[in-house]
There are 2 protein chains.
Amino acid sequence: MTDLELEKFKRVLNDENLKLTPQRVEVFREVCNSDEHLEAEEIYLSLKQRKVNISRATVYRTMDILYQHDLVQRMDIGDGKWRYEHWLDCHQHDHLICIRCGTIVEFVSHQIEEIQQDVADKFNYKLLRHVHQLFGLCKQCRKTPMSVI
Amino acid sequence: MTDLELEKFKRVLNDENLKLTPQRVEVFREVCNSDEHLEAEEIYLSLKQRKVNISRATVYRTMDILYQHDLVQRMDIGDGKWRYEHWLDCHQHDHLICIRCGTIVEFVSHQIEEIQQDVADKFNYKLLRHVHQLFGLCKQCRKTPMSVI
DNA sequence: CTCTCATTTGAGACTCATTCTCAATGAGAA
DNA sequence: TTCTCATTGAGAATGAGTCTCAAATGAGAG
Ligand SMILES: [Mn+2]
Ligand SMILES: [Mn+2]
Ligand SMILES: [Zn+2]
Ligand SMILES: [Zn+2]
């Protein structure tokens, strides 16, 4: 977590009359220091392992603040759990997910972005955000026979 | 629900050694007769209102069979509930959703389909399915000030 | 048509991610 | 330092979906 990122967080907290607590900083640090798509429970457990005991409730509450203020990105791959990833120094992107091993690859297509905008315009919607996920089998998983699960 | 659709369902049940029960037929009928994107609970309640009392468990179980055998389409707009729609005489499509009033518009873009395939190819994934949802404000909801929620 | 039996059903218990409650604690303005 | 809310943690509550198990029932065999 760079100072810049911490500053952004401080600004958000200030603007919203929220307090800068050690718990909030630790949770944000944990997400910033990982390049995975983390579940709240994973964040909770990573912190615990580092002897940073923060309650699940606080982890959930902090991730909510971060998401609401666009300091993290959130995704749901259909298993009923939110996954978070830091949103810093990287751009908006979509995901290609292996349904077998869970490997996630990120992609960007300006062409798709444009067509999305056209579609929204056509139906008179003001486009605010989108979810675009491709599901398939990665190179590895395509090789292994399906019986070997 | 046309006879053709019922026949398809019978065939699926037969192939899987599942029985054709009145409950299963009623649940399928309910979905086929609606053009909405229905939650399991809505299906359960619609049936109840028609004095067709079928347990929630059976509704969930039937929707699962229908989904697994591609007789219905399933979507999750991020609120933790599956929504189902019949899949008959209509084609694969994606959704444009108003975050204010919930109105759902359907769209298809062959261009996007093609690019998706290119992306999957590029990363050496075998593309199996995708989720593509655009969220925004519909014409109506764009007019009304945000305070009036 | 009846028998038989594996499948299905319904009621309610259970799961599990997330949210809520509330008493105790703590951040930070003055 | 004091004062005052916001925040925290522990555990209860929620809610969509799944599971359990005894009773009911489709449907093939006879
Ligand atoms: Mn990502
Ligand atoms: Mn649809
Ligand atoms: Zn894989
Ligand atoms: Zn609307």
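Below, read A as the first sequence line, B as the second, and so on, with proteins coming before strands; counting in each chain starts at 1.
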(request) Any chance you could measure R83(A), atom CZ, to M63(A), atom CE, to the nearest 0.5 Å? (result)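 One finds 13.0 Å between CZ of R83(A) and CE of M63(A).
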(message) How long is the straight-line distance from CZ of R100(B) back to CG of L137(B), given to the nearest 0.5 Å?
(response)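 Interatomic distance, L137(B) CG to R100(B) CZ, rounded to 0.5 Å: 7.0 Å.
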(message) Near DNA chain D, counting only heavy atoms under 4.0 Å, which residues of residues 70-77 of chain B show up?
(response) none
(message) Under 4.0 Å, heavy atom to any atom of DNA chain D: which of residues 34-48 of chain A qualify?
(response) none
(request) Would you mind telling me which of E42(A), E39(A), E41(A) makes a salt bridge (Lys or Arg N to Asp or Glu O under 4.0 Å) with R56(A)? (result) E41(A)
(message) Strictly below 4.0 Å, N to O, side chains only: are K8(B) and E5(B) in salt-bridge contact?
(response)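 Between E5(B) and K8(B) there is no salt bridge, as every charged N stays at least 4.0 Å from the carboxylate O atoms.
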(message) Closer than 4.0 angstrom, basic N to acidic O: yes or no for R29(A) and E26(A)?
(response)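 Salt bridge flag = yes for E26(A) with R29(A).
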Rounded to the nearest angstrom, tell me the gap between atom [atom1] in [X] and atom [atom2] in [N].
X: L13(A); N: dT7(D); atom1: CG; atom2: P; result: 8 Å
X: N17(B); N: dT8(C); atom1: CG; atom2: C1'; result: 14 Å
X: K81(B); N: dG17(D); atom1: NZ; atom2: P; result: 8 Å
X: D79(B); N: dA17(C); atom1: CG; atom2: P; result: 18 Å

(message) Base contacts versus sugar-phosphate-only contacts with protein, heavy atoms under 4.0 Å: please encode nucleotides 19-30 of chain C as B, S and - from 5' to 3'.
(response) BBB----BBS--
(request) Enumerate the residue pairs fulfilling ring-ring contact (aromatic ring centres under 6.0 Å, His included) with a member in residues 71-92 of chain B, sequence neighbours excluded, ordered by first and then second residue. (result) none
(request) Return each pair, listed once, that meets ring-ring contact (aromatic ring centres under 6.0 Å, His included) where at least one residue sits in residues 19-75 of chain A; pairs must be two or more places apart or across chains. (result) F9(A)-F28(A), H37(A)-H95(A)
(message) Please evaluate residues V131(B) and F135(A) with respect to the criterion side chain to side chain contact (heavy atoms under 4.5 Å, CB included), reporting the C-alpha separation (whole Å), side-chain torsions for both, the decisive distance (0.1 Å), and the verdict.
(response) CA-CA 8 Å; V131(B) 170; F135(A) 293 89; 3.7 Å; yes
(request) Check side chain to side chain contact (heavy atoms under 4.5 Å, CB included) between S34(A) and all other residues, then give those that pass, not counting sequence neighbours. (result)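 Side chain to side chain contact (heavy atoms under 4.5 Å, CB included) check on S34(A) returns E36(A), L38(A).
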(request) Give a yes or no on whether the backbone of K19(A) and the side-chain of R24(A) come within a donor-acceptor separation of less than 3.5 Å. (result)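 Judged by distance alone, yes, a pair lies under 3.5 Å.
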(request) Can you label the angle between the H132(A) ring and the F107(A) ring as parallel, tilted or perpendicular, going by 30° and 60°? (result) perpendicular
(message) Judged by each residue's nearest nucleotide on DNA chain D, which is more toward the 5′ side, Q23(A) or R83(B)?
(response)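 The residue mapped nearer the 5' terminus is Q23(A).
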